[in-house]
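A short worksheet on the structure shown next.
Numbers restart at 1 for each chain; the letters A, B, ... are given by sequence-line order, proteins then strands.
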There are 2 protein chains.
Amino acid sequence: MRTSHASIAAPSSDPEGTMETHSTPPGGHSVRTRSQHQRRKRIVQAAAALASRGGVEAMQMRTVAERAGVALGTLYRYFPSKMDLVVAVVGEELDLLESSIERRPPSAATPSSRAVDVLMRATRGLMREPELADALIRSLIMAEVQTPFGDRMTGLLLRVSADGLTIDQATEEQLDLAGSLASVWVQELLEMLRGRRTYDQIQRRIETASARLLADV
Amino acid sequence: MRTSHASIAAPSSDPEGTMETHSTPPGGHSVRTRSQHQRRKRIVQAAAALASRGGVEAMQMRTVAERAGVALGTLYRYFPSKMDLVVAVVGEELDLLESSIERRPPSAATPSSRAVDVLMRATRGLMREPELADALIRSLIMAEVQTPFGDRMTGLLLRVSADGLTIDQATEEQLDLAGSLASVWVQELLEMLRGRRTYDQIQRRIETASARLLADV
DNA sequence: ACAGAGATTAGAATGTGTTCTAGTTTGCCA
DNA sequence: TGGCAAACTAGAACACATTCTAATCTCTGT
């Protein structure tokens, strides 16, 4: 069977977290009991484990439910769609990157090279689990939700390149430039996962783009 | 039903058209009889028509087959997966853009603004059929194949900004820069389709990026 | 301790991409 | 003209995301 039956669709949006429905949605930003938290965590872990072996395809909802020890219905109560689950997995990855950056902030001299540092660090992190990375990035690009890889990475880039600048403080132009660099990175990563770029090529390209885009940020 | 059942998977690769299987694959680069050509065209048209109303979701393989007046099996003989069909539809769109550019080449003075011209022209073209655009771009980003929106657009940008330069003649750096600009554009387009950017924002962002990236190409 | 609300479960059902089967039609060539 | 290979067709079959159902469990307030 050469085929991929896997489906990637948009996650159930509700862009602004409005619309708190009748019942208590365990995934929502409402209070979560310890056991709910545990359950949610188990699910995400099971999902990540499956995805890192075999990508999204291996991460079948039935299988995830099974591995996490919950019923399919429960899985769907926590994550209304497969995309939502993928997004959650990505969140974890990004948390990892951010804490890595806190522990060991990029120390290069220019804004541009600090940005390169962050992006290449993220790249290496993702390369460790290529299947997972592939699944996550593809899925996220598709997602209707706030795309962590776009927005959070833009924020990170601003922070390291303009020394602590936050998204709210940045000028339009700074946002544009950091955002553009993030776009380039995402696309390059995708190309790498497709086998159409080597790590070195990515690095060169990121460096070139960063040097131009963040020259004077 | 708020859900999207639609599947977007990778198109059946065979990246270099190698592996000419036993039978004559109508999709391949082999000779095509007139009737096969007609049939293929009818299929792509039917697919595009469906996608422009309702996106990929509306473009169901059964429906496409029906509208094109072929059996489901035949559809799958021409396009081994839904992705392949989507890619074919995109090809048509890009042909359109390229011929538009031939008819009326961008006349701005600087390489950077000629590039902006091309990108914004493409943007407007895609905006005319947002559903179709959404379907196409999302799908293409996922595709394992040579991504038309990346590579062909990069080629186009080089051509207009460095006056007739082709991909083969370009230096690595030129390729990097034009490629990065194409990446930015693709991502911006996606954001627009998600409703997170206006046309004006895109234009500003493209202009900013282009000015930096293509300043001296 | 008990009632009621919400959470959970097992499993059936549905929808759509993809594959498979068996038979029919078409085009070509000896 | 007869026959064969490839193309085509209708439709069944299969896989997996998602939804639905009915029953059971768990907690919380009284």
Side-chain angles (χ1 to χ4, degrees), chain A residues 1-12 20-28 30-40 42-43 47 50 54-66 68-86 139 142, chain B residues 1-12 20-28 30-40 42-43 47 50 54-66 68-86 139 142:
Chain A
M1 210 196 314
R2 60 109 94 91
T3 340
S4 60
H5 286 282
S7 283
I8 294 296
S12 31
E20 275 287 318
T21 34
H22 37 75
S23 67
T24 310
S30 31
V31 270
R32 244 182 258 150
T33 72
R34 167 166 310 283
S35 82
Q36 277 178 337
H37 188 78
Q38 289 299 314
R39 203 177 294 255
R40 187 190 171 81
R42 273 217 317 284
I43 292 177
L50 285 168
V56 242
E57 331 220 333
M59 182 177 140
Q60 297 183 7
M61 294 305 263
R62 279 178 180 77
T63 319
V64 171
E66 203 178 306
V70 300
L72 188 56
T74 305
L75 171 52
Y76 270 94
R77 234 176 74 74
Y78 280 78
F79 301 96
S81 81
K82 184 167 180 172
M83 267 306 308
D84 291 279
L85 183 48
V86 171
S139 308
M142 302 296 286
Chain B
M1 210 195 314
R2 60 110 91 94
T3 340
S4 60
H5 287 282
S7 282
I8 293 297
S12 31
E20 276 287 318
T21 34
H22 38 73
S23 66
T24 309
S30 31
V31 267
R32 243 182 260 150
T33 72
R34 167 165 310 281
S35 81
Q36 277 179 336
H37 187 78
Q38 289 299 313
R39 204 177 294 256
R40 188 189 170 81
R42 270 217 319 284
I43 293 176
L50 286 167
V56 242
E57 329 218 334
M59 182 177 140
Q60 297 182 9
M61 296 303 264
R62 282 175 180 82
T63 318
V64 172
E66 201 179 307
V70 300
L72 188 55
T74 305
L75 171 52
Y76 270 93
R77 233 177 74 75
Y78 281 78
F79 302 96
S81 80
K82 185 168 179 171
M83 268 305 308
D84 290 278
L85 183 49
V86 172
S139 309
M142 304 295 287

Pairwise side-chain contact, V70(B) with R77(B), heavy-atom cut-off 4.5 Å (strictly under): no
On DNA chain D, compare the nucleotides closest to G69(B) and L72(B); which residue's is nearer the 5' end? G69(B)
Whole-Å distance between dA7(C) C1' and R42(A) CZ? 14 Å
In whole Å, what is the span from the CE atom of M61(B) to the C1' atom of dC14(D)? 16 Å
Strictly below 4.0 Å: does R39(B) bring a side-chain N or O up to OP1 or OP2 of dC8(D)? yes
Please report the distance, rounded to the nearest Å, between CE in M59(B) and C1' in dG17(C). 12 Å
Determine: side-chain N/O of T74(B) to OP1/OP2 of dA7(D), distance under 4.0 Å, yes or no. no
Does L72(B) reach the side chain of E66(B), with side-chain heavy atoms less than 4.5 Å apart? no
On DNA chain D, check which nucleotide each of L75(B) and G73(A) is closest to and give me the residue with the more 5' one. L75(B)
Side-chain N or O of Y76(B) versus OP1/OP2 of dC20(C): is the shortest distance under 4.0 Å? no
CZ-CG distance between R42(B) and L75(B), expressed to the nearest 0.5 angstrom: 11.5 Å
In whole angstrom, what separates F79(A)'s CZ from dT19(D)'s P? 15 Å
Report the distance from atom CG of D84(B) to atom P of dG17(C), rounded to the nearest whole Å. 14 Å
To the nearest angstrom, how far is K82(A) atom NZ from dT18(D) atom P? 8 Å
When rounded to the nearest 0.5 angstrom, what is the spacing between CE in M59(A) and OG1 in T63(A)? 10.5 Å
Nearest whole angstrom, please: distance from the C1' of dC16(D) to the CD of Q60(A). 6 Å
May I have the step-by-step check of side chain to side chain contact (heavy atoms under 4.5 Å, CB included) for Q60(A) and L50(A), ending in yes or no? CA-CA 8 Å; Q60(A) 297 183 7; L50(A) 285 168; over 6 Å; no
Give the rounded distance in Å between these two atoms: CD1 of I43(B) and C1' of dC8(D). 11 Å
Do R62(A) side-chain and dT18(D) base share a donor-acceptor contact under 3.5 Å? yes
